[in-house]
Amino acid sequence: MTKEKILVIGASGQIGVELTLALREIYGNNNVVASDLREENPLLKGSGPYVSLDVMNKEMLHVQVIRQNVTQIYLLAAILSATGEKNPGLAWHLNMQGLLNVLDIAREEHISKVYWPSSIAVFGPTSPKQNCPQQTIIEPTTVYGISKYAGEFWCNYYNMKYGVDVRSIRYPGLISYKSAPGGGTTDYAVEIFHDALEEKKYTSFLSKDTYLPMMYMPDAIRATVELMEAPADRISIRTSYNVAGISFSPKEIGAEIKKHIPEFEMTYEPDYRQEIANSWPESIDDTVARNDWGWKHEYSLATMTEDMLKNLQEAEV
Ligand code: NAD
Ligand code: AKB
């Protein structure tokens, strides 16, 4: 068996930190190289190698891939939905060119596997709101969603045309306590926990009945690892897999938090992110991922809320 050497690009971000730590557990600390444009996240410090890297600099990326004998690349660097609407040109440029740089190098250097996440943001107002299927009408209205949908087809193209083993998941909004989210529409579902503990109140930037597909980070990390470890002949989707976790509204998560913090109060001041949220489905059908590689989420709204509060409280003391 070839010894795997993994490069994680965007390792200091919300997913990158936890995914890097999980991959280091599996493949060994020194076999997972974390990289990012910004400085190394404190949670990664001392746990394995780190290089400063800009995914837009193809030459620099290529040199690192050769120098580190990289066999697998996980590309997490991107601009998310809310930040993307503020700077559409930059979001398109990073989300597209970063992916094309990685796919090209993967092809040239015979990288054994590439991971690149898509998002439920590929879906638009004309997609089904409930249990949105794997294959359906997909007409995204955010630059982030457009870039993710185009990216899915680039992944499919590099797989079909050049045999690059690239795999992808359309993550829902991710909720985590280790690292902060980076400019998404679903970020309220992380902020709410911090404000509930610190201020006993939270003002939501989405209206109270806005349901969105969400997932607790441990489920998202497990989904990623399970997809990447699945035998290639189990992967029927080379664009990106729907995976489902939990769906809830600001009002529902507020009520769940209130069970633990009775004095917690919520108010609502929807802003520009409401329109983005309104364009997305409320829940996702992940039958194809379940059938292909056995995906099943574990955390419910109640178990996720309990775990988030417990871990954030422990981090405070
Ligand atoms: P994040 O913003 O928290 O992290 C992205 C990281 O990429 C940051 O640390 C940033 O410094 C780095 N980066 C930015 N530009 C770079 C560049 N040019 N070169 C190298 N690094 C660069 O994002 P995240 O939430 O961890 O998301 C990771 C991936 O997962 C993205 O593709 C995102 O679209 C996707 N995703 C995330 C969610 C979610 O809820 N977090 C949901 C769906 C999909
Ligand atoms: C965002 O809100 O932009 C992300 C996502 C669902 O892709 N969390």
Just do the side chain to side chain contact (heavy atoms under 4.5 Å, CB included) check on Trp280 and Thr185 with the steps written out, would you?
CA-CA 10 Å; Trp280 292 348; Thr185 304; 3.8 Å; yes
Testing Ile175, Ile192, Ile257, Ile253 for side chain to side chain contact (heavy atoms under 4.5 Å, CB included) with Met308, which one passes?
Ile175
Would Thr71 and Glu4 count as having a side-chain donor-acceptor pair, cut-off 3.5 Å?
yes
Is a donor from one side chain sitting under 3.5 angstrom from an acceptor on the other, for Gln14 and Ser176?
yes
Within the structure provided, determine whether Arg170 and Val122 are in side-chain contact (heavy-atom separation under 4.5 Å).
yes
Would you tell me whether Arg24 and Asn29 have side-chain atoms, one donor and one acceptor, within less than 3.5 Å of each other?
no
Taking the six-membered ring of Phe205, is NZ or CZ of Arg273 closer than 6.0 Å to its centre and within 45° of its axis?
yes
Aromatic contact, Phe153 with Tyr157 (centres under 6.0 Å)
no
Would you say Lys296 has more than 12 foreign heavy atoms packed within less than 6.0 Å of its NZ?
no
Mark yes when over 12 heavy atoms from residues, nucleotides or ligands other than Gln68 sit less than 6.0 Å from its CD; otherwise mark no.
yes
Check against side-chain hydrogen bond (donor to acceptor under 3.5 Å, both in side chains), Tyr177 and Asp307:
CA-CA 9 Å; Tyr177 58 87; Asp307 203 61; 4.9 Å; no
Quick check: do Arg167 and Trp116 have side-chain heavy atoms less than 4.5 Å from each other?
no
Do Glu85 and Thr142 come close enough that some side-chain heavy atom pair is under 4.5 Å?
yes
Over 12 foreign heavy atoms within 6.0 Å of CD, Glu275:
no
Is the number of heavy atoms from other residues, nucleotides or ligands under 6.0 Å of Lys201 NZ greater than 12?
no
Worked verdict on Arg238 versus Asp165 for salt bridge (Lys or Arg N to Asp or Glu O under 4.0 Å)
CA-CA 9 Å; Arg238 291 295 182 166; Asp165 187 353; 2.6 Å; yes
Is there a donor in the side chain of Tyr171 and an acceptor in the side chain of Thr224, or the other way round, less than 3.5 Å apart?
yes
With rounding to the nearest 0.5 angstrom, report the NZ to CD1 distance, Lys86 to Ile79.
12.5 Å
Find out whether Pro270 and Ser207 are in side-chain contact, i.e. whether some heavy atom of one side chain is under 4.5 Å from a heavy atom of the other.
yes
All heavy atoms of Thr305 vs all of Leu301, minimum pair found to be OG1-O, 2.6 Å
Would Tyr50 and Asp36 count as having a side-chain donor-acceptor pair, cut-off 3.5 Å?
no
Evaluate whether atom CD of Glu314 has more than 12 neighbouring non-hydrogen atoms of other residues, nucleotides or ligands under 6.0 angstrom away.
yes
Taken to the nearest 0.5 Å, the spacing of Phe248 CZ from Ser300 OG works out to 11.0 Å
Do you know the tightest heavy-atom contact between Gly84 and Ala91?
CA-CB, 3.7 Å
Here the gap from Ile120 atom CD1 to Ser240 atom OG, rounded to the nearest 0.5 Å, amounts to 11.5 Å
Would you say the side-chain atoms of Glu152 and Ser168 include a donor-acceptor pair closer than 3.5 Å?
no
Does a sphere of radius 6.0 Å around NZ in Lys251 hold more than 12 heavy atoms from other residues, nucleotides or ligands, not counting ones at 6.0 Å or beyond?
no
From Ile9 atom CD1 to Leu76 atom CG, the distance as rounded to the nearest 0.5 Å:
8.5 Å
Is there a donor in the side chain of Glu139 and an acceptor in the side chain of Thr126, or the other way round, less than 3.5 Å apart?
yes
Is it the case that Asn95 and Tyr144 place a side-chain donor and acceptor less than 3.5 Å from each other?
no
I'd like to know if the side chain of His194 pairs up with that of Glu199 as donor and acceptor (distance under 3.5 Å, no hydrogens or angles considered).
no
Could you check whether Tyr241 and Trp293 have their ring centres less than 6.0 Å apart?
yes
Are Cys132 and Asp285 close enough that some pair of their side-chain heavy atoms sits under 4.5 Å apart?
no
Between Glu229 and Ile26, the two heavy atoms sitting closest are OE2-CG2, 3.9 Å
